[in-house]
Every structure is written in C-alpha cells, then in structure tokens.
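Chain letters run A, B, ... following the sequence lines, proteins first, then strands; residues in each count from 1. Scope of the values below: all heavy atoms of this structure, side chains included, with no hydrogens, waters or symmetry mates. Here the structure is a predicted model, which is why all the values come from computation and not from measurement.
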Number of protein chains: 2
Amino acid sequence: MCYIGEMLKKQLPLLFNTLANMNFSSITIKDIATALNLSVSTVSKALRDSYEISENTKKLVTGYAQEHNYRPNPIAQSLKQGRSKSIGIVVSTIENQFFSQVINGIESVAYENGFNVIITQTHESYELEVKNVGHLTHRSIDGLLISLSTETKDIAHLKTLHKQGLPIVFFDRVTDEIDTHKVIADNFKGGYDATCHLLDSGYKRIAHITSPANISITKERFAGYSKALEEAGIAIDDDYIKYCPHGGRDIGEVENALNELLSLKNKPDAIFTTSDRITTTTLMLLNRLKIKIPQEIALIGYTNTTLADVLNPSLSSVYQPGFEMGQKATQKLLELILAKRPVYEFETLVLPTQLVTRDSTARQ
Amino acid sequence: MCYIGEMLKKQLPLLFNTLANMNFSSITIKDIATALNLSVSTVSKALRDSYEISENTKKLVTGYAQEHNYRPNPIAQSLKQGRSKSIGIVVSTIENQFFSQVINGIESVAYENGFNVIITQTHESYELEVKNVGHLTHRSIDGLLISLSTETKDIAHLKTLHKQGLPIVFFDRVTDEIDTHKVIADNFKGGYDATCHLLDSGYKRIAHITSPANISITKERFAGYSKALEEAGIAIDDDYIKYCPHGGRDIGEVENALNELLSLKNKPDAIFTTSDRITTTTLMLLNRLKIKIPQEIALIGYTNTTLADVLNPSLSSVYQPGFEMGQKATQKLLELILAKRPVYEFETLVLPTQLVTRDSTARQ
DNA sequence: TTGTACGCGTTATCAG
DNA sequence: CTGATAACGCGTACAA
C-alpha cells in the first residue's frame, strides 16, 4: 500500500475502510465510537448490554447503531472468539433429492440458532471427502455433519478430528468406528417391511438390487430383507442379490444387474430396490424392456421421486425422511457444540421409515 | 478468563491456542517463528516466497511448515485483506435439480481458482432473498451469484450493493435493472422450438402452462411460443395461457390450470409446459385422468427428470444446461472479482437449450 | 537479509 | 460508569 494511501487512511478512516475491506455497507464499532466521542470498549460493552454501562450511553449507542444499521463483523468475531458460528456439511451430492431434503432440515435448525452452514459434496469420492473435511475444519467450523461417501473405507481423517474435540454427528451413512451421535433411518425396518409386503402379496422369488455393499444403509436394508425371507422360510439366494458399486450412477450397472437376474433359470418374480437412483432406473429399464409391473415382475423400492410412483401406480415407495433427519442431526450437533465440557454419552437416533404401500389395482 | 488461565496461556502458548481457538490441527506463523527462533514477519515473508528472504531461511521455514502441516488461518487472512476468497450463491431451492446442477458447475470453477462457495436458498420468498443477501455480504463475500426468486419485484437490495462495487452475476432468472454480466439459457429459442415441434406434428390448439408471469425466463419462453404461433398464422388465445404463481409447488395450481384448459369449449390438443415441476406434474395429472399422450393431448416441456420421458416416450424434453450455466457464471464473476478496476462493459451470455425430440412411435 | 510495529474489528481485562 | 490496552493470526511499510 502506498504512502499516500496510508495518509488517506489516517485522515478518512471511514471512507478508506469501506474501500479497503469491501465490507459492503457496514460501519464498525470504531466509527460509532468516534462519532459519539466514546471509546471503542464502551461502545462494545454498550452493544452487548453490559451492566457496567449507563442506560444513557446504551441508548445513545444502540440508537446510533440502529440508525446506521451496524452489524458486528463476523470475521473479526470469529478471529477473536475462536469459533465461527458455522457448521460444515459433507454429503455425496445435493443432486440427490434425499440429501437436499436433509440440507433443508439442517438449515432450518442451524439458522434458528444463528449458525451458518457450509455445504460440500464428495461425489462419492474418498479423496474429495478428505479434501472437503480438510477445507471445512480449516475454515474453522464449529462442528461437522457428515454422511460418508461410498468409497470411504478408512476414516482416519475423521478419527483425528474427533480426538481433537471437533463435534461430529453422522447421518444416514454412518460408521461404527467413531463414538458420537448418529442419526439414521430405520433401514432394517424399511427393508423388512418392503420384503414382507412383497411376500404378503404372494411373491416368493424376491431379488434385491441395492447400493454398494460397504456402506451402512446397504447392510441394514439387507438385514431386513434377510430377516423377512427367513421368517417366511425362504432361503436367501446369492444370485438374487445385486450390488451397484456406484449406486446406480451408471445406468449400465443397473442394466447388468437386471440382465443377470432376467437370465437366471429361476427368474425372480419381484424386486426390492434401494436408493432413488436405482429404483427409478430399474423402473425405467423394466418399462423399456416392456416387462409388465407387477404382473411379470413386482417392484418395491426407496425413492423420493414422487413422479415415479404416480406414473406407475404399481410401484410402492418407501419414503426417506430427509428433512427430519437433517433437523435431528443438527440438534444433536448443536448440543455438542454448546456443551462446555467434553461429552461421553452418545446416542443413535433411529427415525422411522414410512412405508407407503399402494394397492396395485386401485388405479387400474 | 481466570488468572490461572492467563498464566497457562503465557507458558504454554501452543497448547492454549489449540484449546481456545478450536482451530483443529493448525499451528500458526507465530508457532513456527518461536520454534525456529525467527520473527513472525520473516516467517510470513518466507512462506509467501518474498524476494527479501534468503533461500536458506525459506527452506527452513517451508520445511517446518510442511512437516507440521501449517495452513494459514483464512479468517485472519480475510480480516486482514478484506476479502474472503469466497463467493455467495442465491438460488430458489437446491431441491430443484436444475439448480443443483448449476451449483455443481459453480463449484467446479470456484474450487479450481481457490474460491469457496456459500449456498443459500430463498424458497421463492422475497423476504428470504433479502435476508440471505444480507447475510452473505455481511460475511464479506467477494462476489455474488444470484438467480432471483419468483416473488422478487423490487431489487433495491441488489442495486445498492452493485453501486457499492460488489461484483454480481445473474443467472437464469435475471433483471434488466442492473447492468452486469448475466448468463441465461436461450429460453426464447426453447419456447420457439418446442412450439414449432408441436405445430410441425400437426397440433394447432397449443396451450401453455408456465411459471410465474413476472420472472424473466417465463417472459422469454412465452415470447418464443408467441413467435412460433404467429409465424404459423395462429392467433394467441389468452385462455390457453396459464401461469402458476408458485411454479407448481402446489399440485393444486397445476391441477386448476389443467382443469380450466380441459373445460374449454375448444379444448387444446397439445400443451407446452415449462419447468421441471410443472412438466412432471402435468404429466402425472394427465396420467391420472387417463388422458392418452399424445393421442388426446400432446405434451412438450422442460424437465431434468430423465425418468419422465423414459416412462412416457411421447414426452419430449428440453433439457436445461445447468452445469454449463454455473461454470460460465462463475467465470464471469471471477473476472469481475479479479479485475482491479471497475468494469463498465458487461455481456449477457446466452446458452443454447437442447431440444430433445423423440419420435413417439419409436418405442411403441 | 531480518526484525519491529501497526492495523484489520472485536472482545476481555484491568485501571481510572 | 468509562477508557486504555492487549490479543486473536496475518501481512506489510519501514527501520535496522
């Protein structure tokens, strides 16, 4: 900065502040102080309604602040107080409607408590997950809400942070290896109910096209599926279980799975699918192959795309309670953040999945 | 803070920093300085590769920094430099797939250039838009990417910021009243092509169910629709034009529009719909009413839901180029931010819409 | 080539 | 009740 600049700075502090800091339309405590012939500390205290300031000066200061629409600079506050009043979010992708619902839930709670949110996406990549978590913690967030990417096996990057005391809450796709709050849907019950529904409708050869094998939700849904079959006295056939390593991001994945199922000697008479992507893609492919639903193959699956089941009334949907999940997770995170002392007791919240079954004859 | 705390602080600065600032896993310039018996400024300059530092010290410092995985505190940098290396985004809602695509485009460019993004949603509310813009500027963002909410008529809040020099780029839903870069889809051509497609297929009574009348994209698409009809020598019938004030957020809106159309003496034989929501909802309602597409009523519309047109091959889709729009807008914004001087020449980028027509007999 | 001093906006401590 | 001062972490004009 040139000398003349420095000169100007001393003579026209307000103007120069505006230009240099690009802090649009904000005056500082210092401006108030000079305008009112007070010291900065007095102004600061007055604004924070300290007991050691007279009513008179308080009124004076707050009045002036109101009038000039003063708002404290959050960056300066962050620097001073060591906390940023913002929380970081890591999800696979916001294009997934489930996660955008979760984010809406998160925002609703965060904003209510004066917290800001910073959203990042992993696009299911482990590398990006590590990078994002790094960025976020580095931006000195006060807490982290994370749903693991499908690629993630090693969670050392999170363990370190957890040990250092960063409040973390997992949602949807969680891990056993870190002891903290977790919020999940009752995926076991979802899988169980869906499978039971098909069994009750008389189907016996029930296939399962699902997400990558390693993530928590996949395992839980599979467990529910297994339990239902077991109770019905039906053996689990590995040929009927198809995993999509990329969660159906490639149509090819689902196509392969479906082709393999259809080329079995003992073709399935029903399919239980998981995830929005996989369910809608399966539905699409069945339509493309002119396979009648549910006459030839029945279908039940998780989806947020309401369109899917309206277009095809024979598809039953298990809605995922995204918004609520976001809210609960954020509440838990705020508890951790606002607790002064370390917390040692954690809980796992299990939200109900809503199984919406629809009589396939209702609309025909 | 108690006296013992202060004592500790002086004796164990590193430990205390970690605890007080919750700045997870970061050492400061000061830590490096004391460790290496240098002054902070030397370290700072060494890290910034200043010419006035010897190669020796540089190596020493950068080595230590690497080893201890030092990263400058962005909050302190923001405070000092008056810019935060982050840009604000305002969209209606990320649940809209078009906007999540845009955001992905924005992120791809922003991250490449070392910028962070902060996403906010208006949920189509003017009040929330003003609030979000306030929050963002207040967080001292370096630039703003905004798509106006449907409710927004008065843009005084943006004019002020623009005058103060905040770089702003509008995308998708823009305004004439502010002179800056804008990135839009060629909605005129989209509307024109869609209508022509229907005309060429022999339809003559073409209705139009569309977004709120006041936003830019609605007007542009309507202009294209009008032009096509005009060229075909068909008069525009106001009864055929239906606006959805909430962009189809309520199914009822679309339902009313459709019912009104169906109860006309001269029922339309085709409909041109805009927006993902409206298109898919219309499709759903037509299905529900058992109206055959395109035999009884043909449909063409904007949608990102690939599912829609696969399930119903007679629906033609005009895809919205979201990702590219996000990229272009961000490039323009970064130009503005990185330009040292005010810019007076602005351009409006018009991206092509891809009209995907599908022969309705292809799959039957 | 390195170090000193100051300021960014805010708050906490302590002295008046 | 009010004010001076230091500090948060960083960057830089200027002195040594």
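Every residue meeting the side-chain contact (heavy atoms from CB on, under 4.5 Å) condition with A/Ser149, not counting sequence neighbours, appears here in chain and number order: A/Thr122, A/Glu124, A/Glu129, A/Glu151, A/Thr152. Remark: B/Glu127 engages B/Ser125 in a side-chain contact (heavy atoms from CB on, under 4.5 Å) (not counting sequence neighbours).
Residue A/Gln77 has no polar side-chain atom (N or O) positioned under 4.0 Å from OP1 or OP2 of C/dG9. Between B/Tyr70 and D/dC10 there is a side-chain polar atom (N or O) within less than 4.0 angstrom of OP1 or OP2. Phosphate contact (OP1/OP2 of D/dC8, side-chain N/O of B/Lys30, threshold under 4.0 Å): present.
At a threshold of 4.0 angstrom between heavy atoms, the contacts of A/Leu38 are confined to the sugar-phosphate backbone, with no base atom among them.
For the contact set between residues 41-49 of chain A and DNA chain C, defined by any heavy atom under 4.0 Å, the members are A/Ser41, A/Ser44, A/Lys45, A/Arg48. Taking every heavy atom of residues 50-59 of chain B and every atom of DNA chain D, no pair lies under 4.0 Å.
Note that CG of A/Leu336 and CZ of A/Phe346 are 6.0 Å apart. Values are rounded to the nearest 0.5 Å.
Residues B/Thr93 and B/Phe99 have side chains not in contact (no heavy-atom distance under 4.5 Å, counting atoms from C-beta outward). B/Ile87 is listed as a side-chain neighbour of B/Leu145, based on a closest heavy-atom distance under 4.5 Å.
Annotation: of the two residues near DNA chain C, B/Asn37 and B/Ala76, the 5′-most nearest-nucleotide partner is B/Asn37.
In this structure, the ring of A/Tyr126 has its center less than 6.0 angstrom from the ring center of A/His157.
Other residues, nucleotides and ligands contribute at most 12 non-hydrogen atoms within 6.0 Å of the NE2 atom of A/His135.
Atom CG in B/Leu36 sits roughly 14 Å away from atom C1' in C/dT2 (whole-Å rounding). Rounded to an integer number of Å, the gap from A/Lys80 NZ to D/dG9 C1' is 12 Å. Distance CD1 (B/Ile29) to P (D/dG11): 5 Å, rounded to an integer number of Å. A/Ile75 places its CD1 atom 10 Å from the C1' atom of C/dC8, with the value rounded to the nearest Å. The separation between B/Gln81 atom CD and D/dG9 atom C1' is 12 Å, rounded to whole Å. With rounding to whole Å, A/Leu79 atom CG is found 9 Å from D/dC8 atom P.
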Under 3.5 Å, side-chain donor or acceptor atoms of residues 105-117 of chain A against the rest of the protein: list the pairs with distances, not counting sequence neighbours.
unit_1, atom_1, unit_2, atom_2, d
A/Glu107, OE1, B/Gln121, NE2, 3.0
A/Ser108, OG, A/Gly105, O, 2.7
A/Ser108, OG, A/Gln327, NE2, 3.3

Sequence neighbours excluded and cut-off under 3.5 Å, please list the side-chain donor-acceptor pairs for residues 43-52 of chain B, or say none.
unit_1, atom_1, unit_2, atom_2, d
B/Asp49, OD1, B/Lys58, NZ, 3.0
B/Ser50, OG, B/Glu52, N, 3.2

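Here D/dG3 is the nucleotide among D/dG3, C/dT4, D/dG11 with the atom lying nearest to any side-chain atom of A/Ser39.
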